[in-house]
Enquirer: 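First the structure, then my questions, so here it is.
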Amino acid sequence: MIAASAGVKIMVATRPVDFRKGADGLAALVREQLQHDPFAGTIFVFRSKRADRLKILAWDGSGLVLLWKRLEHSAFRWPPISDGVMRLSASQLAALMDGLDWSRLHARDVAQPTATS
């Protein structure tokens, strides 16, 4: 399992993509259709039409990383199909990758601590 740190931006493309695309094709899609920089350190998640597969594209500072996963006996829980992207937390991404209902996870608002003397 690949875990994302808490501060990393994770974006999900809500419309299914052509799963024949590789890392370069998905990076071009990120730049041209989603209007984001694929080399900024953001993790991009893509879904297949059948909803049982996902691809994750990330820039690790030295190259593009492409992860592909297929669930054998079920489908991933995806947001409604629409144009654009939506943001997930690292915990929601972990749940999505495990085939769980990520939409039931909500981050709590934590107040910024103040320095004490």
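Any value given below was found using the heavy atoms of this structure, including those in side chains, with hydrogens, waters and symmetry copies removed.
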Enquirer: Does one hydrophobic cluster hold both L64 and V8, with members joined at side-chain heavy-atom distances below 4.5 Å?
Expert: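 No, because L64 and V8 fall into different hydrophobic clusters, even though each may have its own neighbours under 4.5 Å.
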Enquirer: Can you give me every donor-acceptor pair (side chain of residues 43-52, partner residue at least two apart or in another chain, under 3.5 Å) with its distance?
Expert:
residue: S48; atom: OG; partner: A51; partner atom: N; Å: 3.3
residue: S48; atom: OG; partner: R53; partner atom: N; Å: 3.4

Enquirer: Going by side chain to side chain donor-acceptor pair (under 3.5 Å), name the residues that satisfy it together with Q35, two or more places apart in sequence or in a different chain.
Expert: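 Side chain to side chain donor-acceptor pair (under 3.5 Å) list for Q35, sorted by chain: empty.
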Enquirer: When rounded to the nearest 0.5 angstrom, what distance separates CG in L88 from CD1 in I10?
Expert: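 L88 CG to I10 CD1: 6.5 Å, rounded to 0.5 Å.
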Enquirer: Grab the two heavy atoms, one from L96 and one from F76, that are nearest each other, plus how far apart they are.
Expert: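 Smallest heavy-atom distance, with atoms named: O-CD2, 3.1 Å.
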Enquirer: Between atom CG of L67 and atom CG of L57, what is the distance when rounded to the nearest 0.5 Å?
Expert: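 CG of L57 is found 10.5 Å from CG of L67.
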Enquirer: Less than 4.5 Å apart, side chain to side chain, heavy atoms only: is that true for L54 and W78?
Expert: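 Yes, side chains in contact.
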Enquirer: Please report the closest heavy-atom contact between K9 and R87, naming both atoms and the distance.
Expert: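 Heavy atoms of K9 and R87 come nearest at CG-NH2, 2.9 Å.
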Enquirer: Under 3.5 Å, which donor-acceptor pairs do the side chains of residues 26-34 form with other protein atoms, sequence neighbours left out?
Expert:
none

Enquirer: Return the set of residues passing side chain to side chain donor-acceptor pair (under 3.5 Å) with T42 (not counting sequence neighbours), or none when no residue passes.
Expert: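 For T42, no residue satisfies side chain to side chain donor-acceptor pair (under 3.5 Å) once neighbours in sequence are set aside.
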Enquirer: Going by the rule side chain to side chain donor-acceptor pair (under 3.5 Å), which residues pair with S62 if we only count those two or more places apart in sequence or in a different chain?
Expert: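 Partners of S62 by the side chain to side chain donor-acceptor pair (under 3.5 Å) criterion, ordered by chain and then number, come out as D60.
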Enquirer: Side-chain atoms of residues 17-25: list all donor-acceptor pairs with protein atoms under 3.5 Å, sequence neighbours left out, distances to 0.1 Å.
Expert:
residue: D18; atom: OD1; partner: R20; partner atom: N; Å: 3.0
residue: D18; atom: OD1; partner: R20; partner atom: NE; Å: 3.0
residue: D18; atom: OD2; partner: R20; partner atom: NE; Å: 3.3
residue: D18; atom: OD2; partner: R20; partner atom: NH2; Å: 3.0

Enquirer: To the nearest 0.5 Å, what is the distance between CE on M97 and CG on L71?
Expert: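 These two atoms lie 9.0 Å from each other.
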